[in-house]
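Reading through the structure tokens given below for one structure.
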Amino acid sequence: QKEVEQNSGPLSVPEGAIASLNCTYSDRGSQSFFWYRQYSGKSPELIMSIYSNGDKEDGRFTAQLNKASQYVSLLIRDSQPSDSATYLCAAPILTGGGNKLTFGTGTQLKVEL
Amino acid sequence: EAQVTQNPRYLITVTGKKLTVTCSQNMNHEYMSWYRQDPGLGLRQIYYSMNVEVTDKGDVPEGYKVSRKEKRNFPLILESPSPNQTSLYFCASSLSSNTGELFFGEGSRLTVL
């Protein structure tokens with residue numbers, strides 16, 4: 001099992017719809033989770049962090065965390081073409097050298113007109 | 001402006017010719033890290049540094065060296081590059097190793113012929 005797992009996509013949604021991106025993680029002890037957005041040819045950019053079970057909203061973005069089920073999701077409401085990007089989930093995973101921030105391989109989102 | 005600066009942004013070189021990719025941050029961050037990104041494999045950590053003179057291996061350190069003589073700089077050295085080191089490289093920094101809130105440089109695309 002990968003430590004942080006995401007569907008690679010592409011996930012296609014029409015403009016104005018809700019895009020739902022999911023991520024599962026292997027380390028039950030992980031306490032913090034991060035969503036990065038990466039446009040094609042650009043560097044990753046942090047868009048959301050979540051530390052507690054439940055929902056965290058920031059504008060059109062909502063991060064949802066369920067520690068019991070070991071998954072974290074990102075909802076994008078009223079999706080826009082400018083949201084088309086790859087979304088990377090990250091979590092600290094306990095390794096022999098301590099907690100290491102580990103990235104999933106990312107989900108490609110395409111918002112279609 | 002807070003930023004992480006990498007140079008060069010693009011480089012084509014030949015097998016065995018030593019090269020250095022520089023990374024500098026102006027945010028007084030303690031933690032710095034190098035990643036490589038390859039299609040289907042996501043972001044993989046090469047080396048990281050918790051502070052000046054403190055460095056450690058990440059997931060894929062073979063063929064790379066780093067140094068952290070000053071807080072702001074964290075160069076990545078390829079002593080004898082090989083074609084399997086052709087990749088997109090990112091430098092990132094954060095306030096400390098305890099946060100997953102990384103700031104990424106713009107990336108360096110390296111091709112080894």
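Labels below follow one simple rule: chain letters A, B, ... track the order of the sequence lines, proteins then strands, and each chain is numbered from 1.
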Are [Y] and [X] co-members of a hydrophobic cluster defined by side-chain heavy atoms under 4.5 Å apart?
| X | Y | result |
| --- | --- | --- |
| Ile46(B) | Tyr35(B) | no |
| Tyr64(B) | Tyr48(B) | no |
| Val66(B) | Leu11(B) | yes |
| Val21(B) | Met32(B) | yes |

Next on the checklist: Let me confirm one number: the CD-OG1 distance from Gln37(B) to Thr105(A), rounded to the nearest 0.5 Å.
Outcome noted: 10.0 Å

Checklist entry - Between atom OH of Tyr31(B) and atom CG of Leu101(A), what is the distance when rounded to the nearest 0.5 Å? => result 7.0 Å

Item to check | Close side-chain approach of Phe90(B) and Gln38(A), heavy atoms under 4.5 Å | outcome: yes

Next on the checklist: When you compare the side chain of Gln45(B) with that of Lys100(A), does any pair of heavy atoms fall below 4.5 Å?
Outcome noted: yes

Which answer fits [X], side chain, backbone, both or neither, if we ask what part of it has an atom under 4.5 Å from a heavy atom of chain B?
| X | value |
| --- | --- |
| Tyr36(A) | side chain |
| Pro92(A) | neither |
| Ser8(A) | neither |

Next on the checklist: Evaluate Leu88(A) against Leu43(B) for side-chain contact (heavy atoms from CB on, under 4.5 Å), listing each step before the verdict.
Outcome noted: CA-CA 9 Å; Leu88(A) 305 172; Leu43(B) 280 167; 3.8 Å; yes

Take atom [atom1] in [X]; do more than 12 heavy atoms of anything else shown fall under 6.0 Å from it?
| X | atom1 | answer |
| --- | --- | --- |
| Lys110(A) | NZ | no |
| Arg44(B) | CZ | yes |
| Phe61(A) | CZ | yes |
| Leu113(B) | CG | yes |
| Ile18(A) | CD1 | no |
| Asn7(A) | CG | no |

Checklist outcome for this item: Comparing Gly40(B), Gly100(B), Gly107(B) against chain A, the one with the most heavy-atom pairs below 4.5 Å turns out to be Gly100(B)

Item to check | Heavy-atom pair count under 4.5 Å with chain A, highest-scoring of Thr99(B), Asp59(B), Leu41(B), Leu88(B) | outcome: Asp59(B)

Checklist entry - Do Leu46(A) and Leu102(B) pass the side-chain contact (heavy atoms from CB on, under 4.5 Å) test, and can you show the C-alpha distance, the side-chain angles, and the key distance before you say yes or no? => result CA-CA 7 Å; Leu46(A) 179 68; Leu102(B) 293 171; over 6 Å; no

Next on the checklist: Using heavy-atom distances under 4.5 Å, tell me whether Phe103(B) contacts chain A through its side chain, its backbone, both, or neither.
Outcome noted: neither

Checklist entry - Any idea which of Ser32(A), Gly104(A), Pro44(A) has the most non-hydrogen atom pairs under 4.5 angstrom with chain B? => result Pro44(A)

Item to check | Minimum heavy-atom distance between Tyr51(A) and Glu101(B), given as atom pair plus value | outcome: OH-OE2, 3.0 Å

Next on the checklist: Using modelled atom types and a 3.5 Å cut-off, is there a donor and acceptor pairing between side-chain atoms of Ser43(A) and backbone atoms of Gly105(B)?
Outcome noted: yes

